[in-house]
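Each remark here refers to the structure printed beneath this line.
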There are 2 protein chains.
Amino acid sequence: MAEPLDPEMFDPVCPSSAMPIQIGDKWTAMVVICLESGPRRFTELRVPLRGITPKVLTQTLRAMERDGLVTRTAYDENPPRVEYELTDLGRTLLTLIDAARAWSRDHLPALLEARERHETTPRPALLRAGEPSRPGTAASTHLHRQ
Amino acid sequence: MAEPLDPEMFDPVCPSSAMPIQIGDKWTAMVVICLESGPRRFTELRVPLRGITPKVLTQTLRAMERDGLVTRTAYDENPPRVEYELTDLGRTLLTLIDAARAWSRDHLPALLEARERHETTPRPALLRAGEPSRPGTAASTHLHRQ
DNA sequence: CCGTATCCTAAGTGATACTG
DNA sequence: CAGTATCACTTAGGATACGG
């Protein structure tokens with residue numbers, strides 16, 4: 001059918017050769033989207049990220065700052081004011097995130113439908129060799145006999 | 001500067017409105033890439049995914065099957081043979097993954113450089129109001145005085 | 001306002017051994 | 001070959017309270 005797979009296809013040190021890890025966590029992509037329209041303050045970011053605790057938001061922003069995705073600017077005022085802004089590097093993530101959102105818009109319904117179909121199906125005949133193969137079902141697991 | 005952020009910007013139930021979660025885990029994207037060239041057997045997949053344990057590969061494939069991304073076909077032979085193949089839905093992930101890999105190729109070096117610069121910097125003057133602002137450093141945190 | 005400090009849970013991942 | 005069964009471990013994430 002095809003050649004054998006390359007054993008060194010993926011970098012064992014950095015699997016992000018397949019997907020950049022720094023946007024793989026729960027919040028980073030959403031923070032990038034929130035900063036698309038300009039610099040935002042800490043509390044301002046907490047509004048759309050409903051439920052995020054200050055600790056987790058701080059963690060996320062610190063990691064993004066470390067990776068050169070955002071800058072942090074503290075104004076010496078009272079009460080204090082801090083603004084976060086996308087760097088040029090951080091802004092390059094926007095096209096990638098847009099692509100992901102487009103995928104979700106176009107294909108997530110099909111995925112969720114498949115998931116629901118899978119849950120409602122009692123059992124999809126998982127390699128149980130004594131049973132008939134029931135080729136008419138919508139199960140994603142198939143049995144082939146020689 | 002900009003309008004206030006929409007508090008309902010993200011779906012609290014499904015944050016994948018920002019990034020589809022099913023490719024956010026460690027292995028799914030790599031499995032999709034491995035299956036791009038055609039159906040593969042369980043052991044065949046373990047080769048490029050160096051270090052993956054059978055338990056984790058099974059978990060990953062079961063979840064992908066549940067979500068309609070792959071099909072599982074068991075042949076009633078001895079020794080047993082099972083093949084996994086991308087569905088049409090799973091194949092749509094390829095363009096998204098390619099975009100992510102292109103981003104990594106183009107921008108990951110800059111990110112890693114920023115990270116290293118951040119580690120070698122002793123301390124980036126974090127809002128410590130008594131100290132001078134040192135505007136010449138490459139730190140991503142800035143201090144502004146009125 | 002913008003965080004830190006603790007404590008905690010749940011999930012993802014991994015090592016090892018065993019089975020149809 | 002293609003898994004399952006345990007056990008252990010790490011970390012992201014969250015709850016709550018407090019501090020400059």
Side-chain angles (χ1 to χ4, degrees), chain A residues 4 10 12 15 19 21-31 39-47 49-66 70 72-84 124-131 141-144 146, chain B residues 10 12 15 19 21-31 39-47 49-65 70-85 124-131 141-144 146:
Chain A
F10 303 108
M19 181 68 70
I21 55 178
Q22 59 282 354
I23 60 169
D25 76 312
K26 184 171 179 180
W27 301 106
T28 300
M30 284 188 268
V31 170
R40 297 289 180 180
R41 305 178 61 170
F42 189 86
T43 305
E44 209 172 357
L45 288 173
R46 293 190 67 186
V47 176
L49 306 175
R50 286 167 290 184
I52 196 173
T53 62
K55 186 194 93 172
V56 173
L57 181 54
T58 300
Q59 276 177 190
T60 304
L61 290 169
R62 289 282 187 275
M64 294 175 72
E65 193 187 353
R66 180 201 58 180
V70 300
R72 177 184 186 278
T73 306
Y75 296 89
D76 191 17
E77 301 173 358
N78 201 316
R81 181 164 63 98
V82 178
E83 282 189 347
Y84 294 91
L126 278 171
L127 236 186
R128 220 165 294 147
E131 302 177 3
T141 290
H142 307 292
L143 251 171
H144 279 233
Q146 291 176 293
Chain B
F10 301 109
M19 183 66 72
I21 54 178
Q22 59 282 354
I23 61 169
D25 74 313
K26 184 171 178 179
W27 299 107
T28 300
M30 285 188 268
V31 169
R40 298 287 181 180
R41 306 177 60 168
F42 189 85
T43 304
E44 208 173 357
L45 288 172
R46 294 190 64 187
V47 176
L49 307 175
R50 287 168 289 181
I52 195 174
T53 62
K55 185 191 94 173
V56 174
L57 181 54
T58 300
Q59 276 178 191
T60 305
L61 289 169
R62 290 280 188 277
M64 294 177 72
E65 192 187 353
V70 300
T71 55
R72 177 183 184 278
T73 307
Y75 297 88
D76 190 17
E77 302 173 357
N78 201 317
R81 181 164 64 98
V82 178
E83 282 189 347
Y84 294 91
E85 186 169 14
L126 277 170
L127 234 185
R128 221 164 291 149
E131 301 178 5
T141 291
H142 307 293
L143 251 170
H144 280 233
Q146 291 176 295

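As the structure is a prediction and not an experimental result, all values here were calculated from the model. No hydrogens, no waters, no symmetry mates; every other heavy atom, side chains included, goes into these values. Each chain gets a letter, A, B and so on, in the order the sequences are listed, and its residues count up from 1.
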Next item on the list: Mind calculating the distance between CG (A:Asp25) and P (C:dA11) to the nearest angstrom?
Entry: 18 Å
Next item on the list: Supply the atom-to-atom distance B:Met30 CE to B:Ile23 CD1, rounded to the nearest 0.5 angstrom.
Entry: 12.0 Å
Margin query: Side chain of B:Thr43, heavy atoms from C-beta onward: which of C:dG14, C:dC2, D:dC1 has the nearest atom to it?
Written below: D:dC1
Check: Atom OG1 in A:Thr60, atom CD in A:Glu65: separation rounded to 0.5 Å?
Finding: 12.5 Å
Check: What nucleotide among D:dA2, C:dG3, D:dA15 has an atom nearest to a side-chain atom of B:Arg81?
Finding: D:dA2
Next item on the list: Give, for atom CG of B:Leu61 and atom CG of B:Leu45, the distance between the pair rounded to the nearest 0.5 Å.
Entry: 6.0 Å
Check: Is any side-chain heavy atom of B:Glu85 less than 4.5 Å from a side-chain heavy atom of B:Thr73?
Finding: no
Next item on the list: Using whole Å, report how far CZ of A:Arg40 lies from C1' of C:dC2.
Entry: 18 Å
Margin query: Side chain of A:Thr58, heavy atoms from C-beta onward: which of C:dG3, D:dG13, C:dT13 has the nearest atom to it?
Written below: C:dG3
Check: In whole angstrom, what separates B:Leu57's CG from D:dA2's P?
Finding: 10 Å
Note to self: Within the 4.0 Å heavy-atom criterion, would you say B:Gln59 contacts the bases, only the backbone, or no part of the nucleic acid?
What the structure shows: base
Next item on the list: Could you check how far OH of B:Tyr84 sits from C1' of D:dA2, rounded to whole Å?
Entry: 8 Å
Checklist line | Spacing between A:Trp27 atom CH2 and D:dG13 atom P, to the nearest angstrom | finding: 8 Å
Within the sub-3.5 Å range, which N or O atoms of nucleotides 5-10 of chain D have a protein N or O partner, and how far apart are they?
none

Note to self: Taking B:Phe10's backbone N and O only, do any of them form a donor-acceptor pair with A:Arg50's side chain (distance below 3.5 Å, no angle check)?
What the structure shows: yes
Notebook entry, point to check: For the helix from C:dC1-D:dG20 to C:dG20-D:dC1, how many degrees between its two end axes (five pairs per end), to the nearest 10°?
Noted result: 50°
Note to self: Taking only side-chain N and O atoms of A:Arg41, does any of them lie within less than 4.0 angstrom of OP1 or OP2 on C:dC2?
What the structure shows: yes
Checklist line | Residue B:Pro79, side-chain atoms from C-beta onward, closest of C:dC2, C:dG14, D:dC1 | finding: D:dC1
Notebook entry, point to check: Could you give the CZ-to-P distance, from A:Arg46 to D:dA15, as a whole number of Å?
Noted result: 11 Å
Check: Quick one: which of D:dG3, D:dG14, C:dG14 gets closest to the side chain of B:Thr53?
Finding: C:dG14
Next item on the list: Check the distance between C:dC2's P and A:Asp76's CG and give it to me in whole angstrom.
Entry: 14 Å
Check: Atom CZ of B:Arg72 and atom OG1 of B:Thr58: how far apart are they, to the nearest 0.5 Å?
Finding: 9.0 Å
Margin query: In this structure, how many angstroms lie between the C1' atom of C:dT4 and the CG atom of A:Leu61, rounded?
Written below: 15 Å
Check: Going from CG on A:Leu57 to CH2 on A:Trp27, what distance comes out if it is rounded to the nearest 0.5 angstrom?
Finding: 9.0 Å
Next item on the list: Name all residues meeting the side-chain contact (heavy atoms from CB on, under 4.5 Å) criterion together with A:Arg41; count only those two or more places apart in sequence or in a different chain, and write none if there are none.
Entry: A:Glu44, A:Arg81, A:Glu83
Next item on the list: Compare the minimum distances between each of C:dG3, D:dC1, C:dC2 and the side chain of A:Arg62, then state the nucleotide with the smallest one.
Entry: C:dG3
Check: For A:Ile52, does its backbone N or O pair with a side-chain atom of A:Arg46 as donor and acceptor, under 3.5 Å?
Finding: yes
